[in-house]
Amino acid sequence: IPSVSFQKEQTPSQQQKLDFVKRQSESETFVRESDALYKITPIVQSLKPEKQKYENNLEKVQTDRKKLPRLEYVGQVLGTYLVAQNEEGMYLIDQHAAAERIRYEKYRKLFGNIEIETQPLLVPMKLYLSKQEILALSEKLEALSSLGIFVKLSTDNEAVITDVPTWFPTGMELEYAEEVIKNLLEDGKVSVIDSRDQLAKDLACKRSIKANKYIDDGEIRKLLDDLSACENPYTCPNGRPVIIHFSVSEIEKLFKRIQS
C-alpha cells in the first residue's frame with residue numbers, strides 16, 4: 001500500500017488577520033464615500049448657477065460702489081472746490097485732485113501699452129543736462145525708448161530728442177519728454193516697468209488744473225464727465241480724497257433741523 005502524506009492546513013497569522021480586516025474596512029469606506037459623492041454631485045451641480053449669480057452680483061455691487069453718482073453742478077468755491085448736489089445730499093470736489101485722478105489713469109493706460117506709437121519730430125529738440133546726467137542717461141536709453149522717446153547724446157552734454165509718443169500734446173513735446181527723462185534719472189531704476197506708475201503720478205500732478213484757478217462751466221462739466229469714467233474717482237493717485245459727501249441728514253443736523 002503506497003504511503004499517503006497529508007499537508008497540514010496553514011493557520012493565518014495574527015498580522016494576516018489584521019491586514020484582512022484593514023482591507024475590508026477600507027473597501028467599505030470607499031463604497032460609502034462613493035455612494036455619498038454620487039448622491040451629493042447633483043446637488044453641487046444645481047448650486048453652480050446660483051454661485052455664479054452671487055459672484056456676478058457681488059462684482060456688480062463692488063463696481064457700483066466705485067462709480068460716481070449722478071451729480072448736478074451748482075458752483076465753484078474759492079477757485080478750488082466744485083459744489084454739486086443730488087437727492088442724497090451735497091458734494092464738495094477738489095478740482096485739482098479730480099484732474100490729477102483723470103490724468104493719472106490716462107497716463108497709466110498709455111504707459112502700460114506695450115506697443116506705444118511714436119512719431120519723429122520735424123525739428124529735433126535739445127535738452128541740456130549735466131555730465132553726470134548724460135552718463136546716467138546713456139545707460140537707460142533702452143528703457144526710455146520703450147516709452148516711445150528716442151534720444152541721441154552729444155559730447156556737448158545735449159540730449160537730442162528725435163522721436164516722441166503720438167499722445168504727447170502738440171507744443172508740449174519737449175516739456176513732457178524732459179519730465180519723463182528727469183523722472184527716470186531720479187528714480188534710479190533701469191527697468192521702466194517699475195517706474196511707469198510713478199511717471200504717471202508725476203505727470204498727472206504737474207499737468208492738472210491747479211487750486212485757486214477759476215474754470216468755466218464747460219471745463220467743469222467735462223471734468224465731472226471724465227471723473228465719472230475713472231476706475232476710482234474718489235481718491236487722487238496719492239490717496240487724498242477727491243470728493244467729500246454731506247448727506248441730507250448731516251446738513252440738517254448742522255442747522256439743527258433734526259436732532260442727533
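For clarity, every value in this text was computed on a predicted model and none was experimentally measured.
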Can you name the side-chain hydrogen bond (donor to acceptor under 3.5 Å, both in side chains) partners of Asp225, sequence neighbours left out? none

Listed partners of Glu105 passing side-chain hydrogen bond (donor to acceptor under 3.5 Å, both in side chains), at least two apart: Arg101

Contacts of type side-chain contact (heavy atoms from CB on, under 4.5 Å), residue Ser228, not counting sequence neighbours: Leu68

Between the main-chain N or O of Leu78 and the side-chain N or O of Thr80, is there a donor-acceptor pair closer than 3.5 Å? yes

State whether the number of non-hydrogen atoms from other residues, nucleotides or ligands found under 6.0 Å of Phe150 atom CZ is greater than 12. yes

With sequence neighbours left out, the residues meeting salt bridge (Lys or Arg N to Asp or Glu O under 4.0 Å) with Arg70 are Glu87

Show me the pairs that pass ring pair (Phe, Tyr, Trp, His ring centres under 6.0 Å) and involve residues 152-173, at least two apart or across chains. Tyr107-Trp167, Phe111-Trp167, Phe168-Tyr176

In short, Pro233 meets Cys230 closest at the heavy-atom pair CD-O, 3.8 Å

Are Glu231 and Lys109 within salt-bridge range, i.e. N to O under 4.0 Å? no

Suppose we screen for side-chain hydrogen bond (donor to acceptor under 3.5 Å, both in side chains). Which residues come up paired with Glu142, at least two apart in sequence or across chains? none

What pairs meet the salt bridge (Lys or Arg N to Asp or Glu O under 4.0 Å) rule with one or both residues in residues 73-82, with sequence neighbours excluded? none

Could you tell me which residues satisfy side-chain hydrogen bond (donor to acceptor under 3.5 Å, both in side chains) with Glu252, sequence neighbours excluded, listed by chain and number? none

Please identify each residue that fulfils side-chain contact (heavy atoms from CB on, under 4.5 Å) with Ala159, with sequence neighbours left out. Leu127, Leu129, Leu137, Val151, Leu153

Sequence neighbours left out, what passes side-chain contact (heavy atoms from CB on, under 4.5 Å) with Arg221? Give chain and number order. Tyr73, Asp217

Apply side-chain contact (heavy atoms from CB on, under 4.5 Å) to Pro69 and list each qualifying residue two or more places apart in sequence or on a separate chain. Leu71, Asn86, Tyr91, Tyr234

Taking Gly218's backbone N and O only, do any of them form a donor-acceptor pair with Asp216's side chain (distance below 3.5 Å, no angle check)? yes

Selection residues 143-169 - residue pairs positive for salt bridge (Lys or Arg N to Asp or Glu O under 4.0 Å), sequence neighbours left out: Lys126-Glu158

